[in-house]
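Only a predicted model underlies this, so the values are computations on that prediction, with no experimental measurement involved. What's counted below: heavy atoms across the whole structure, side chains too, no hydrogens, waters or symmetry copies. Below, chain A is the first sequence line, B the second, and so on; all start at residue 1.
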Number of protein chains: 2
Amino acid sequence: MVESKNKVRRVDALSKDRIVLAAVEILDASGEGGLTTRSLAASLNTGSGAIFHHVGSRDELLRTAVDSVIADVTAGMAHEGTPEESIRMLMLGVFDAIQAHPWVGAQLAREPWQPALLEIFFEIGSRLQLLGVPEAELFDAASTLLGYLLGVASQHAAAVNLSRNTDRANRRASSDHPFAPHVTRLADHDDRVQFVAGVEIILAGIA
Amino acid sequence: MVESKNKVRRVDALSKDRIVLAAVEILDASGEGGLTTRSLAASLNTGSGAIFHHVGSRDELLRTAVDSVIADVTAGMAHEGTPEESIRMLMLGVFDAIQAHPWVGAQLAREPWQPALLEIFFEIGSRLQLLGVPEAELFDAASTLLGYLLGVASQHAAAVNLSRNTDRANRRASSDHPFAPHVTRLADHDDRVQFVAGVEIILAGIA
DNA sequence: ACCTGAACACCGTTCAAGT
DNA sequence: ACCTGAACACCGTTCAAGT
C-alpha cells in the first residue's frame, strides 16, 4: 500500500483552524469564562503550550473566532429586495449570529475595530448608498446603525451571561439575585421584534 | 476637650466610600486592567484582604464605581428647554462622563442591568413622554436610544483602551513613569458631533 | 518542526492570626 | 471589629526538554 500521498492526515494533527473550531465549541457551551488555555488544550488532547505554536495569544484566538462567525453571516448575504429590506436582513443576520453565539456580542463591543465589524460597516454603507442617502450623511447614518447594533449586541451578551450566572447561583441555593425578576429574559422572538423596531426607527430618521 | 463627638475620624479609617473613591482614581489613571486588589490596597496603605470587609467582590466595586459616576451626571440634570433639548442634554451628559471615564463605558456595556443604566432608561422615557410619544411606542423608542448610547459607549471605551495599549508599546524602551493618564483623544469634539448626529437621526425617526 | 508540561508571574478571594 | 498578609486555586504565557 502506498501511504506517502495519503490525503487523510492524522486526526490529532494540530492547526489554527482546528484550534479555532474547538474554541468556538467551548465558547458556545460555557461562555467566555469557560475558554482557558488549559480547557482548550484538554479538549484537543494536547499540552497547554502547544496552542501558542499556532495562535499568538488568547485575544487573537477570540478575534479569529469572532471573524469566523461573522464571515459566515456576510458570506450568504446578497443585496436582495429593496435597499431597506437588504439592510434589515443584514442587521438581523448579525443579530441572529449573536443570539446563537452570545460571546460574539461581547467581543464585538470590546474590540470594534475588528475586521469583522469593519466589513459590516461597509456592507451597511453600500446599502445606504443604494437607498439614496446623500454622500455627506452616509457616514453618520451608517455609524448610527452600527452603534445601535453594538449596543444591542452587548446587552444581549450580558443578559445571557446573567442568566448563566443566576442559573448557577440558583442551583447552588434557593437564594435569588435581587435584580433577577426584572431581567428575566423575554422570548427570543420578542428580542428580534424589538431589535427590528429600533432599526425601523433609525431608518425612518435617515430617510 | 471633648473628643467623644469629634466628627473628624482618623484619616486612615477604611470605608466603602473611600475604597470606591480610590478605585475611581486608579481606573481613571490606568484603566480597568490597572485596578487589582493589590494595587488598590497599596494605594490605601492597607492589606489586600481588608477591602473584602467593605466590598463583596471586585465586580461589586466596579458596579458601585460606575453608579457613583452616573449619579453625578443625572443629579445635576433638570428637564430644561424643550423635551428634545432635554433628551439631547441627557444623552450628552452620559457621553461626556464616558469620555472622562472610559472604563464606565465598558462596564455599562458589560452589565446593562446596572442600577445606573435603569435610571438613565427611565430618564429617557419620561422625556419621551413629554415629547408626546404614544405609550405603545415608548418602550421601543427609549430602548433604541439606550441601545445606541451603549454601542457608542463601548466603542469609545475600546478606542481609548487601544490608544493606551499602543502608547504603552511605543514607550516600551524609554523610561516610563507609572502615571500615564493623559490619553489624548485625537478628535474629542468630532466624536461629540458624530454622537449628536446619531441622536438626531433617532429622534427624527421617533417623531 | 512540533509538542509537552513544569515553571513563572500574575490574579481574586479566603482565613487564621494578630490588634 | 477591623486589619494583616500568607495561602489557595486559579489564569495566560514561556521555554527547556523531549519526539
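Straight-line distance from the CG atom of B:Leu40 to the C1' atom of C:dT13: 14 Å, rounded to whole Å. In this entry the distance linking CG of A:Leu44 with C1' of C:dG5 reads 16 Å, nearest Å. Taking atom CD1 of B:Ile26 as the reference point, atom P of C:dC11 lies 12 Å away to the nearest angstrom. In this structure, B:Ile19 atom CD1 and C:dT13 atom P are separated by 13 Å, rounded to whole Å. We find that CG of B:Leu62 is positioned 11 Å from P of C:dT13, with the value rounded to whole Å. Atom-to-atom, CG of B:Asp59 to C1' of C:dG12 comes out at 10 Å; the value is rounded to the nearest Å.
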For DNA chain C, just give me the dot-bracket, please: Watson-Crick or G-U, both distances below 3.5 Å, ( ) intra-strand, [ ] crossing earlier pairs, | paired with another strand, . unpaired. ||.|||||...|||||.||
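The residue among A:Arg38 and A:Asn45 whose nearest nucleotide of DNA chain C lies closer to the 5′ end is A:Asn45.
Judged purely by atom type and a 3.5 angstrom limit, B:Asp67 uses its side chain to pair as donor or acceptor with the backbone of B:Ala116.
Non-hydrogen atoms lying under 4.0 Å from DNA chain D are contributed by A:Gly49, A:Phe52, A:Ser57, A:Arg58, all within residues 48-58 of chain A.
Applying the side-chain contact (heavy atoms from CB on, under 4.5 Å) test to A:Asp96 and every residue at least two apart in sequence or in another chain returns A:Arg192. Qualifying side-chain contact (heavy atoms from CB on, under 4.5 Å) partners for A:Ser43, counting only residues two or more places apart in sequence or in other chains: A:Ala22, A:Ile26, A:Leu40. For B:Thr37, there are no side chain to side chain donor-acceptor pair (under 3.5 Å) partners at least two apart in sequence or on another chain. Considering only residues two or more places apart in sequence or on other chains, B:Ser68 meets the side chain to side chain donor-acceptor pair (under 3.5 Å) condition with none of them. Remark: B:Arg110 engages A:Arg110, B:Glu32, B:Ala106, B:Gln107 in a side-chain contact (heavy atoms from CB on, under 4.5 Å) (not counting sequence neighbours).
Remark: B:Glu60 CD is packed, more than 12 non-hydrogen atoms of other residues, nucleotides or ligands lying under 6.0 Å away.
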Residues 87-94 of chain B side chain polar contacts: donor-acceptor under 3.5 Å, at least two apart:
residue: B:Arg88; atom: NH1; partner: B:Glu200; partner atom: OE1; Å: 3.3
residue: B:Arg88; atom: NH1; partner: B:Glu200; partner atom: OE2; Å: 2.5

Compile the donor-acceptor pairs under 3.5 Å between side chains in residues 138-146 of chain B and protein atoms, sequence neighbours left out, one pair per line.
residue: B:Ser143; atom: OG; partner: A:Gln194; partner atom: NE2; Å: 3.0
residue: B:Ser143; atom: OG; partner: B:Phe139; partner atom: O; Å: 2.8
residue: B:Thr144; atom: OG1; partner: B:Asp140; partner atom: O; Å: 2.7

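Contact annotation for B:Leu35: backbone-only contact, meaning every heavy-atom pair under 4.0 Å involves sugar-phosphate atoms and none involves a base.
Taking only side-chain nitrogens and oxygens, A:Thr37 never comes nearer than 4.0 Å to OP1 or OP2 of D:dT13.
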